[in-house]
Amino acid sequence: MTGLTVLLVTLALATLVGVALRRRDGVPREVRGDVELLTSGDLHAELGERATLVQFSSAFCQPCRATRRVLGEVTAMVPGVAHVEIDAESRLDLVRSLNILRTPTVLVLDASGRVVKRASGQPRKADVIGALGLAVGE
C-alpha cells in the first residue's frame with residue numbers, strides 16, 4: 001500500500017511540474033541581472049529602428065519554423081521592428097555569452113539594442129506583441 005501511495009504522489013508531482021513548465025514555455029520574461037546590450041556587429045545584421053526580435057534557431061528544430069512565421073507576421077504588423085534569425089550552431093560564441101540553453105529562444109531588443117525580454121520555446125503572437133510594447137515604450 002505504501003508503494004502505491006508513493007507512486008500516486010510522484011505522478012501527481014510530475015504532472016504539476018509538467019503543467020507549470022508548459023505554461024512558462026515561450027512566454028517572454030523580464031531580463032534579470034546585467035542587461036545585455038547587443039550591437040549590429042554582434043548580430044551580423046542591422047537593428048530595427050524601434051525594436052529588434054532576435055531568434056536563435058537550429059536546423060532541425062520544428063518549433064523554430066513556427067516561431068519564424070510568428071515573428072515574421074509581427075514584424076510585418078509593427079513598423080520599425082526587425083527580425084534577425086541566428087543559427088545557434090554557427091554562433092556558439094554568442095550563444096554562450098547570452099546563456100542560450102535551447103532553441104528557439106527569442107530576445108526582444110529596444111532601439112538601442114538592450115535586451116528587455118527573453119522567451120525560451122515557441123512564443124505566441126500576442127505575447128510577442130506585448131513584449132514589443134515594452135521595447136518600443138508604448
Among all residues two or more places apart in sequence or in another chain, which pass the side chain to side chain contact (heavy atoms under 4.5 Å, CB included) test with Glu73? Arg69, Lys125

Qualifying residues under side chain to side chain contact (heavy atoms under 4.5 Å, CB included), relative to Leu38, sequence neighbours excluded: Asp42, Leu43, Leu94, Leu98, Leu107, Leu109, Val115

Measure the [atom1]-[atom2] distance between [X] and [Y] for me, rounded to the nearest 0.5 Å.
| X | Y | atom1 | atom2 | value |
| --- | --- | --- | --- | --- |
| Ile129 | Arg124 | CD1 | CZ | 10.5 Å |
| Thr75 | His83 | OG1 | NE2 | 7.0 Å |
| Thr103 | Phe56 | OG1 | CZ | 11.0 Å |
| Gln122 | Leu71 | CD | CG | 9.5 Å |
| Leu132 | Met77 | CG | CE | 9.0 Å |
| Glu89 | Ser58 | CD | OG | 6.0 Å |

Within the structure provided, determine whether Asn99 and Leu101 are in side-chain contact (heavy-atom separation under 4.5 Å). yes

What I'd like to find out is whether the side chain of Val128 reaches to under 4.5 Å of the side chain of Val106, using heavy atoms alone. no

Counting distance only, does the side-chain N/O of Arg50 pair as donor-acceptor with the main-chain N or O of Ala111 below 3.5 Å? no

Testing Val81, Thr67, Val78, Val70 one by one against Leu53 for a side chain to side chain contact (heavy atoms under 4.5 Å, CB included), which residue passes? Val81

Testing the 3.5 Å rule here: is there a donor-acceptor pair between the side chains of Glu85 and Ser57? yes

So which heavy atom on Gln55 is nearest to which on Pro104, and how close? NE2-CB, 4.5 Å

Minimum-distance pair of heavy atoms, taken over all atoms of Lys117 and Ala131: CG-CB, 3.9 Å

